[in-house]
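Since we're looking at a predicted model, the values are computed, not measured. We count ligands from 1, going down the list as the structure has it; atoms in each ligand are counted the same way.
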Amino acid sequence: MKDFEINPSILSADFGHLADEIAKVEEHTTYLHIDVMDGHYVPNITFGVPVVKAIRPESNLIFDVHLMIENPMKFIDSFAEAGADMITFHVETVEDPYPVIEKIHSLGKRAGMSIHPDTPIEKILPYVEACDLILVMSVRPGFGGQHFMEESLDRIAAVRKVVDEKNLDTIISVDGGICTDTIARVVRAGANLLVAGSAVFSNDDHAKAIEELRACVLS
Ligand code: DX5
Ligand code: ZN
């Protein structure tokens with residue numbers, strides 16, 4: 001992948017016009033972040049398999065499905081079949097991550113693991129090598145538009161250290177509070193896939209918002 005990429009999160013898109021919203025970012029990014037919430041693991045409900053399936057024919061972007069759900073294993077097949085390219089589950093939701101990672105890989109998809117800001121970062125470090133992506137949450141998952149937790153910078157750096165020491169190409173993604181004020185620090189700390197919901201979709205010109213985020217890192 002490139003040095004860093006912006007990954008628009010449809011959580012802040014207009015759900016009544018989802019296909020149109022995606023079309024507006026289609027030519028300006030490579031990934032699309034899709035937040036699935038179950039009302040149990042997180043205190044909010046979004047959408048599930050049918051929505052992923054419905055938007056799949058509308059886009060050629062890499063669908064990065066972020067499962068904020070209990071018992072992710074139960075739903076891997078359905079999300080893979082619906083068109084997910086990458087499936088990320090939370091370390092807090094499984095006893096043993098390896099069978100889940102293997103299941104995702106067996107379906108030909110990329111496997112990601114995410115970590116809640118309240119969970120010690122050490123919990124995820126043993127799995128960095130087995131995963132294609134590590135998603136460091138920089139807000140408490142559940143809602144868009146929250147403030148970036150500054151303590152996430154050290155956590156990102158801890159994951160980056162493992163990736164570099166072992167010479168891996170695991171993607172380091174960060175999710176929550178990414179905006180023009182925070183993105184440069186996050187990339188400097190070692191992240192290379194930046195999820196941005198409100199920063200992209202709350203701006204009427206989504207494409208311009210993506211360019212503005214990029215410019216903050218490059219300047
Ligand atoms: C939060 C979600 C995020 C959310 C980020 O639980 O996982 O993907 O869309 O939203 P912003 O970028 O608005 O913080
Ligand atoms: Zn997310």
Side-chain angles (χ1 to χ4, degrees), residues 4-15 18 21-22 25 28-29 31-48 51-52 55 61-70 72 75 79 84-93 110-119 124 131-153 155-156 159 171-187 191-204 206 208-214 216-217:
F4 73 95
E5 307 234 23
I6 313 293
N7 188 356
S9 168
I10 58 168
L11 184 62
S12 295
D14 176 355
F15 290 171
L18 207 40
E21 291 278 77
I22 295 168
V25 299
H28 305 276
T29 182
Y31 294 85
L32 194 70
H33 187 82
I34 301 172
D35 284 314
V36 176
M37 304 186 189
D38 68 352
H40 291 276
Y41 175 62
V42 286
N44 195 10
I45 298 175
T46 52
F47 42 72
V51 170
V52 176
I55 59 176
L61 295 172
I62 298 172
F63 277 13
D64 168 33
V65 174
H66 178 193
L67 297 180
M68 285 162 276
I69 63 173
E70 288 177 357
F75 297 95
F79 280 106
D85 298 298
M86 311 205 287
I87 301 177
T88 294
F89 62 97
H90 270 257
V91 64
E92 300 85 10
T93 60
R110 288 195 264 169
M113 262 174 90
S114 183
I115 184 158
H116 191 287
D118 294 341
T119 303
I124 209 165
C131 292
D132 302 287
L133 173 147
I134 296 291
L135 177 61
V136 178
M137 290 303 303
S138 43
V139 295
R140 293 201 170 80
F143 302 92
Q146 302 183 70
H147 283 293
F148 179 80
M149 297 168 76
E150 290 293 330
E151 53 270 42
S152 311
L153 295 172
R155 294 160 63 82
I156 297 160
V159 178
I171 296 170
I172 304 177
S173 185
V174 176
D175 187 0
I178 298 295
C179 62
T180 50
D181 290 338
T182 55
I183 189 165
R185 294 204 296 286
V186 172
V187 172
N192 52 5
L193 186 59
L194 296 311
V195 177
S198 48
V200 171
F201 286 101
S202 300
N203 186 324
D204 284 343
H206 306 339
K208 190 169 153 224
I210 292 172
E211 286 317 320
E212 282 173 359
L213 288 169
R214 257 193 211 118
C216 289
V217 179

S.K.: Below 3.5 angstrom, do we get any N/O pair linking V139 and ligand 1?
M.R.: no

S.K.: Just which atoms of ligand 1 are under 4.0 Å from any heavy atom in A196?
M.R.: 12 (O)

S.K.: Before signing off on this row, confirm whether S12 and ligand 1 have an N or O atom pair separated by under 3.5 Å.
M.R.: no

S.K.: Only heavy atoms of P141, strictly under 4.0 Å: list the atoms of ligand 1 that pass.
M.R.: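 Once the distances to P141 are compared, the set is 6 (O).
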
S.K.: With heavy-atom distances below 4.5 Å as the criterion, would you say the side chains of P141 and P117 are in contact?
M.R.: yes

S.K.: Ignoring hydrogens, what is the shortest heavy-atom contact between H90 and T93? Give both atom names and the distance.
M.R.: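 Shortest heavy-atom contact: O-OG1, 2.6 Å.
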
S.K.: When you compare the side chains of H206 and E21, does any donor N or O come within less than 3.5 Å of an acceptor on the partner?
M.R.: yes

S.K.: I want to confirm something. Looking only at heavy atoms, which of G142, G144, C179 is nearest to atom 10 (O) of ligand 1?
M.R.: G144

S.K.: If you compare all heavy atoms of A199 against all heavy atoms of A209, which two are closest, and at what distance to 0.1 Å?
M.R.: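 Looks like O-CB, 3.3 Å.
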
S.K.: Does one side chain, of D35 or H33, offer a donor that lies under 3.5 Å from an acceptor on the other?
M.R.: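 Judged by distance alone, the side chains do pair up.
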
S.K.: Yes or no: does G176 have any heavy atom under 4.0 Å from an atom of ligand 1?
M.R.: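 Flag set, G176 near ligand 1.
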
S.K.: Where do L213 and I183 come nearest, in terms of heavy atoms and distance?
M.R.: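 Closest approach of L213 to I183, heavy atoms only: O-CG2, 3.7 Å.
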
S.K.: For the Zn ion (ligand 2), which N, O or S atom of H66 is at the shortest distance?
M.R.: ND1

S.K.: So is M68 in contact with ligand 1, going by heavy-atom distances below 4.0 Å?
M.R.: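 True for this residue.
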
S.K.: Identify the protein heavy atom lying closest to atom 2 (C) of ligand 1, giving its residue, its atom name and the separation to 0.1 Å.
M.R.: D35 OD2, 3.3 Å

S.K.: Have a look at the Zn ion (ligand 2) and estimate, to 10 degrees, the angle subtended by OD1 (D35) and OD2 (D175).
M.R.: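 Result: 170°, to 10°.
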
S.K.: Is M37 in polar range of ligand 1, meaning some N or O pair under 3.5 Å apart?
M.R.: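 No - when backbone and side-chain N and O of M37 are compared with those of ligand 1, no distance drops under 3.5 Å.
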
S.K.: Looking only at distance, does A199 have an N or O less than 3.5 Å from an N or O of ligand 1?
M.R.: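 No, there is no polar N/O contact under 3.5 Å.
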
S.K.: State, to 0.1 Å, how close H116 and R155 come at their nearest heavy-atom pair, and which atoms those are.
M.R.: O-NH2, 2.9 Å

S.K.: What residue and heavy atom of the protein are closest to atom 7 (O) of ligand 1, and at what distance?
M.R.: D175 OD2, 2.9 Å

S.K.: Students should be able to answer this: which protein heavy-atom is nearest to atom 9 (O) of ligand 1, and at what distance?
M.R.: S9 OG, 2.8 Å

S.K.: Looking at ligand 1, is there an atom of it that comes within less than 4.0 Å of some heavy atom belonging to F143?
M.R.: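 The answer is yes, since F143 has a heavy atom less than 4.0 Å from ligand 1.
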
